[in-house]
Amino acid sequence: MLHLTLRQLKVFESVARLRSFSRTAEALHLSQPAVSMQVKQLEESIGLPLFEQMGKKIFLTEAGQELFHYSRAIASQLDEMEGVLARMKGLEQGQLKITVVSTANYFAPQLLASFCQRHPGITINLDVTNREILLQQLANNETDLAIMGQPPDGQDLTAESFMENPLVVIAPPAHALAGKPSIPVRQLGEETFLVREAGSGTRGAMERFFQAHKIPLRTGMVTSTNEAIKQAVQAGMGLGIVSLHTVALELETRRLVILDVESFPITRHWFVVHRKAKRLTPAGENFKAFLLQEAADITKTGMGNGGATNPSLITHHGL
Ligand code: PGA
């Protein structure tokens with residue numbers, strides 16, 4: 001009979017998933033020696049090593065892989081159990097795990113602040129990551145709800161759109177095309193674009209746009225953040241196509257301008273997504289309803305004169 005504790009399994013599952021003792025310590029609010037100790041005790045009671053260290057990287061042994069499989073299933077059952085119990089206690093308590101794609105992080109904290117003010121008993125755990133990792137998290141049942149662009153079909157997900165996500169062409173104010181009205185789309189073929197990493201929703205939409213208009217996409221630097229794109233565009237390294245949500249501040253301070261290119265903005269949408277089979281807690285149901293009913297208004301007014309989807313801003317910058 002094995003003597004292992006749920007706590008050991010939880011720590012092990014996290015180390016195996018994150019492939020890191022230090023990140024597990026951070027995630028579970030433990031010290032690193034405490035994490036190592038839990039894993040060591042688990043290895044002792046099982047009688048087999050679970051991890052192999054090679055240089056800085058850690059790998060799962062065969063026994064580790066088996067245990068990872070079971071510990072994930074156990075973690076997911078425990079989550080579901082917590083959810084069922086939370087449902088019994090009602091809406092005002094419980095935990096909500098939310099994952100958002102990096103671009104949504106420009107408005108998600110504001111929405112969460114508004115939601116948490118109304119429901120102070122709900123603890124929210126917010127993870128910001130890229131589209132691919134987010135889809136993996138949904139597939140592994142590691143998050144309750146996600147905010148992202150349209151998810152791919154055939155993944156057993158429920159996705160509802162709650163707000164527009166206009167993509168605009170940004171340039172430094174001194175750019176030759178700045179202020180020009182109705183720039184023909186084909187002119188974009190002459191420009192260099194700074195682009196997001198493969199796997200980004202913004203990048204995918206941008207590529208589809210160029211393909212649909214049969215214009216060559218000349219790419220310059222590739223980066224995994226919207227911030228780096230904005231900086232590089234300001235520095236004159238090329239143009240960018242980004243979500244209007246990301247540039248409110250730069251437009252307000254005139255560090256960047258939106259080019260008035262025909263067929264822009266590209267209209268994407270933000271979706272609230274969860275697994276079809278997910279049993280959302282009352283907190284989860286309520287947050288989803290809150291997004292569907294109120295998110296668009298809150299982000300509009302809350303962003304004040306820098307308003308992400310504020311129509312006056314769009315006209316002002318020539319869209
Ligand atoms: P991204 O997602 O941050 O991965 O580009 C935004 C989107 O899907 O529109």
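Numbering starts at 1 and runs along the sequence shown.
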Identified side-chain hydrogen bond (donor to acceptor under 3.5 Å, both in side chains) partner of S102 from the options E197, R131, R196: R196

side-chain contact (heavy atoms from CB on, under 4.5 Å) evaluation trace for F107 with I147: CA-CA 11 Å; F107 60 81; I147 296 179; 4.3 Å; yes

Regarding D156 and R275, does a basic nitrogen lie under 4.0 Å from an acidic carboxylate oxygen? no

So that I can tick it off, tell me whether E43 and K40 are bridged by a salt bridge, with the cut-off set at under 4.0 angstrom between side-chain N and carboxylate O. no

Hey, could you give me the [atom1]/[atom2] distance between [X] and [Y], rounded to the nearest 0.5 Å?
| X | Y | atom1 | atom2 | value |
| --- | --- | --- | --- | --- |
| H3 | L42 | NE2 | CG | 13.5 Å |
| H245 | M163 | NE2 | CE | 4.0 Å |
| Q38 | K10 | CD | NZ | 11.0 Å |
| L217 | T192 | CG | OG1 | 9.5 Å |
| L9 | Y70 | CG | OH | 12.5 Å |
| S182 | Q187 | OG | CD | 12.0 Å |

Flag the pair [X] / [Y] as yes when at least one side-chain heavy-atom distance between them is below 4.5 Å, and no otherwise.
| X | Y | answer |
| --- | --- | --- |
| I241 | L239 | no |
| L291 | W270 | no |
| V39 | F21 | yes |
| D79 | N141 | no |
| E26 | L18 | no |
| L135 | L157 | yes |
| E191 | L177 | yes |
| L111 | I298 | yes |

Check against salt bridge (charged side-chain N to carboxylate O under 4.0 Å, His left out), E227 and K230: CA-CA 5 Å; E227 287 304 312; K230 293 192 293 184; 3.0 Å; yes

Give a yes or no on whether the backbone of Q110 and the side-chain of S114 come within a donor-acceptor separation of less than 3.5 Å. no

Relative to each other, are the rings of F115 and F287 parallel, tilted or perpendicular (30° and 60° limits)? perpendicular

Between F12 and F51, how do the two ring planes meet: parallel, tilted or perpendicular, split at 30° and 60°? tilted

Exercise: identify the closest heavy-atom pair between [X] and [Y]:
| X | Y | result |
| --- | --- | --- |
| T143 | K97 | OG1-O, 3.1 Å |
| E190 | R218 | O-NH1, 3.2 Å |
| P172 | V257 | O-CG2, 4.0 Å |
| L134 | A146 | CD2-CB, 3.7 Å |
| R268 | Q150 | NH2-N, 4.0 Å |
| L292 | S161 | CD2-O, 3.8 Å |

side-chain contact (heavy atoms from CB on, under 4.5 Å) partner of I170, chosen from L259, L244, L256: L256

Exercise: do S243 and N226 side chains pair donor with acceptor under 3.5 Å: no

Run D144 and K278 through side-chain contact (heavy atoms from CB on, under 4.5 Å) and show every step you take. CA-CA 8 Å; D144 297 322; K278 182 90 194 166; 3.4 Å; yes

Set of ring-ring contact (aromatic ring centres under 6.0 Å, His included) partners for H69, sequence neighbours left out: none

Test side-chain contact (heavy atoms from CB on, under 4.5 Å) applied to V169 and F193, step by step: CA-CA 10 Å; V169 186; F193 281 86; 4.2 Å; yes

If you count the non-hydrogen atoms of other residues, nucleotides and ligands that lie under 6.0 Å from [atom1] in [X], is the total more than 12?
| X | atom1 | result |
| --- | --- | --- |
| R186 | CZ | no |
| R255 | CZ | no |
| M37 | CE | no |
| Q117 | CD | no |

Using a 3.5 Å cut-off and no angle test, enumerate the donor-acceptor pairs between side-chain atoms of residues 54-68 and protein atoms at least two apart in sequence or in another chain.
residue	atom	partner	partner atom	Å
T61	OG1	P49	O	2.7
T61	OG1	L50	O	3.2
T61	OG1	G64	N	3.0

Let me check something: do I133 and I98 share a hydrophobic cluster, defined by ILVMFWY side-chain heavy atoms less than 4.5 Å apart, either directly or through other members? no

Could you walk me through whether C116 and I124 pass the side-chain contact (heavy atoms from CB on, under 4.5 Å) check? CA-CA 8 Å; C116 289; I124 301 221; 3.9 Å; yes

